[in-house]
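Below is one structure, written out as structure tokens; the observations come after it.
To find a chain, count down the sequence lines: A is the first, B the second, and so on, and within it residues start at 1.
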Amino acid sequence: MPTSTDHGRPDPEATSPAAHGDGRPVSDRGDTVCVIGAGASGLTAIKNLREHGFGVDCYERETGVGGAWNWRHDRSPVYASTHLISSKPFTQFPDFPMPDSWPDYPHHAQVLSYFERYADHFDLRSHIWFGTEVIRVEPAEGERWDVTTRSTGGYGPERTARYAAVVIANGHNWSPKLPRYEGLEEFRGEIMHASSYKDPAQLRGKRVLVVGAGNTGCDIAVEAAQQASRCWHSTRRGYWYAPKYVLGRPADQVNDTLLALRVPLRMRQWLYHWTLRLTVGDLTRFGLPKPDHRVYETHPIANSQLVYYVGHGGIGPVPDIARFHPYAVELTDGREIDPEVVIFATGYLPRFEFLDASVFADSAGAGRPTLWLNAFTPGHPTLAVAGLLQPDSGLFTLSHWQTVLFARLLRARRDRPDRAAAFAKRVRDRAGERYSGPVKDSSRHWFEVGHADYLRAIQRALIELEGK
Amino acid sequence: MRGREWSRPVRPARREVLSAIPELEEGRPPLLFVPGFGHGAWAFAEHWLGHAASRGFPAYALSLRGHGASEPAPEATLRAYAHDVVQVAASLPRQAVLVGHGAGALVVAHALARYPARSAVLVAPVFGGWKVLGTALRRNPAGTLPAVFGGPLRLSRGQLFSREVPDEEARRYVGRLGRAGRRAQWSLLGEPEAEPAVGAPPVLVLGSPDDRVVPASTLTRVARRYGSAPLLFPGMGHDLMLDARWAEPIDAILDWLEKEPTAH
């Protein structure tokens with residue numbers, strides 16, 4: 001482990017003190033970039049910034065790398081049986097492939113070991129300050145940033161250091177979004193959010209209601225079908241449940257063959273519907289609601305088992321919840337069911353509690369920043385957000401290219417200020433652009449991107465920045 | 001956007017990896033040796049692996065699919081070979097130095113676009129093209145011509161080694177040579193140039209002016225592409241790692257690695 005002396009930890013006593021607005025001492029870290037969080041996006045930010053010649057201080061509130069994928073972390077949403085829902089080539093960093101010997105859809109423990117190997121391979125740990133949380137990030141003079149940290153849990157003194165740039169990679173799948181229902185407070189059964197679900201033992205022998213048809217909700221419903229004495233799955237609308245394998249290959253790879261051939265959306269939708277008709281068949285026959293939209297219009301659900309367990313009676317599909325009673329749940333179709341456990345797989349909301357909402361032009365303070373490429377902030381050219389994406393593929397490749405673009409931008413600010421200024425203008429003009437087909441405007445789809453469209457947009461931005 | 005990498009990932013294959021690890025961990029970067037077409041990891045295990053380890057560098061050599069003791073792969077392409085290199089490099093404990101020999105140097109050049117190596121060394125690089133084919137046809141028409149039509153490429157003793165290598169030893173080495181995939185061989189004629197290396201690693205090019213496979217002008221051209229001049233070892237054949245004076249080039253590589261700052 002590095003110590004404060006061998007690695008240039010920002011130490012107010014050791015560096016010439018600059019003064020913060022309110023007179024606090026600030027240690028000046030020169031051209032060093034601050035990365036917040038050492039999960040997937042934070043790690044690739046450190047690696048790519050280092051690769052482009054920048055010094056990096058990364059602050060991680062936990063004691064290990066991996067962020068959401070480290071099940072030991074109290075903010076980790078993974079549970080014992082979590083597997084990837086996008087296959088390996090969609091998930092891995094493009095310059096550090098997952099081993100050939102791994103399955104198409106690795107287990108979460110493999111994903112964590114992948115991050116640990118990535119950190120060791122590129123010697124990233126020596127740049128990470130574990131057990132340190134960021135409590136404030138404030139703009140300072142010269143488009144720099146004052147970052148205030150302290151030990152996780154509020155112990156120890158606060159320290160403020162001034163950085164040339166900041167990458168926010170604090171993740172967006174840890175702050176649960178809980179729906180409101182009439183009578184929920186009076187309900188006497190157990191209520192939990194999917195983030196607290198860790199092990200199938202929590203369901204064994206119980207009557208379970210799973211709410212939400214995201215990938216997590218479907219996975220938990222499948223587990224409940226195998227463990228619980230009864231399982232209901234409540235969804236507000238009908239969805240397309242795509243199998244994880246088509247034609248003997250991971251379905252996302254088959255789909256990308258069409259994308260690589262630039263087959264138009266309408267044609268792809270037709271082919272997709274046709275494939276689903278052949279493999280999954282008519283969903284209404286199973287008692288599932290008919291989807292009210294075409295495929296690619298909501299976040300894709302990859303689950304081969306849900307329909308299977310519905311067919312075996314393990315999962316009872318039910319509509320939305322109307323209200324809660326002390327010992328029962330009333331559904332919108334008038335039925336009443338009596339679950340002992342209700343699991344809300346209703347998603348998460350991003351939170352940036354260390355940052356003033358005005359920086360992100362987020363007037364409502366709801367956690368929805370207005371960004372270009374979901375990463376760059378108008379008016380703040382030295383601030384980037386990494387990994388704030390809800391892609392129809394894995395996230396890590398996209399975070400990789402986001403951070404490569406940011407590193408190149410920081411280099412251009414030094415070597416080609418005219419290019420960097422043109423980039424800043426594009427950020428102002430094009431903030432809020434979308435990179436997916438038509439999707440519903442709910443918080444679930446705030447950060448929805450189609451990976452192919454998004455990567456092409458990043459590629460264009462790189463070319464515009466570097467003039468190739 | 002690398003559509004093919006996503007939609008048609010390279011099929012996994014079992015690979016042979018030989019290694020020589022120093023007894024004391026000295027914090028030196030691991031070296032990954034990549035043999036050229038027809039050669040296997042054995043070509044480096046003969047002298048270079050042990051020598052690198054004796055100087056404190058953890059040294060590994062792989063056999064590309066279809067070569068040495070790796071899984072047979074008659075339909076392998078250059079992309080599959082580059083995949084093999086990146087897979088092994090990423091499996092090493094730390095960021096690796098890639099050392100490619102012969103057509104293995106071309107494989108390394110392609111792998112560098114997919115893996116941020118600490119640095120790279122191209123030994124007697126065969127980057128293909130009509131000039132290399134012309135040289136090979138002139139020196140060894142019977143061994144080269146079938147390869148143009150998808151047959152095996154047979155390199156002769158005279159092409160690979162200097163006269164200093166004892167006859168029996170040279171025969172033994174030639175006897176161990178295998179063959180590359182047909183499609184990979186063809187790619188030496190018309191393969192598009194490799195994408196730029198990620199992470200801008202320092203690259204060293206070395207070879208011999210008396211190499212009967214790679215003309216000296218090609219060495220200069222490849223070195224210029226990476227912004228340097230080739231390091232030359234007169235009097236040696238194409239297979240510098242098996243030649244009689246094998247210690248000179250590997251010592252030069254290790255000296256360079258000790259002096260050369262890393263990619264960052």
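- Contact detail for Asp95(A) and Tyr115(B): the closest heavy-atom pair is O-CD1, 3.8 Å.
- Within the 4.5 angstrom heavy-atom criterion, no atom of Ala113(B) approaches chain A.
- Closest of all the heavy-atom pairs between His121(A) and Arg94(B) is CE1-O, 3.2 Å.
- Here Trp6(B) contributes atom CH2 and Thr397(A) contributes atom OG1; the two are 4.5 Å apart, rounded to the nearest 0.5 Å.
- In this structure, the portion of Ser393(A) lying under 4.5 Å from any heavy atom of chain B is its side chain and not its backbone.
- Side-chain contact between Gln87(B) and Pro97(A): present, with at least one pair of heavy atoms (C-beta onward) separated by less than 4.5 Å.
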>> Evaluate Arg11(B) against Asp100(A) for salt bridge (charged side-chain N to carboxylate O under 4.0 Å, His left out), listing each step before the verdict.
In response: CA-CA 8 Å; Arg11(B) 189 182 274 268; Asp100(A) 270 355; over 6 Å; no
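- The greatest number of non-hydrogen atom pairs below 4.5 Å with chain B, out of Phe96(A), Phe93(A), Phe90(A), is found for Phe90(A).
- Counted within 6.0 Å of CD on Glu25(B), heavy atoms from surrounding residues, nucleotides or ligands total more than 12; the atom is thus considered enclosed.
- Rounding to the nearest 0.5 angstrom, the gap separating the CD atom in Gln95(B) from the CG atom in Asp120(A) is 12.5 Å.
- For the set Ala96(B), Ala89(B), Ala13(B), Pro9(B), the count of heavy-atom pairs under 4.5 angstrom toward chain A peaks at Pro9(B).
- Both the backbone and the side chain of Pro116(B) come within less than 4.5 Å of a heavy atom of chain A.
- A distance-only check finds no donor-acceptor pair linking the side chain of Arg8(B) to the backbone of Val254(A) [under 3.5 Å].
- For the pair Asp256(A) and Ser7(B), the tightest heavy-atom approach, listed with the atom from each and the gap, is C-CB, 3.6 Å.
- By the neighbour-count criterion of 12 heavy atoms within 6.0 Å, atom CZ of Arg224(B) is sparsely surrounded, having that number or fewer from other residues, nucleotides or ligands.
- Contacts between Arg15(B) and chain A at a heavy-atom distance below 4.5 Å involve the side chain alone, from C-beta outward.
- Other residues, nucleotides and ligands contribute only 12 or fewer heavy atoms inside 6.0 Å of the CG atom of Asp31(A).
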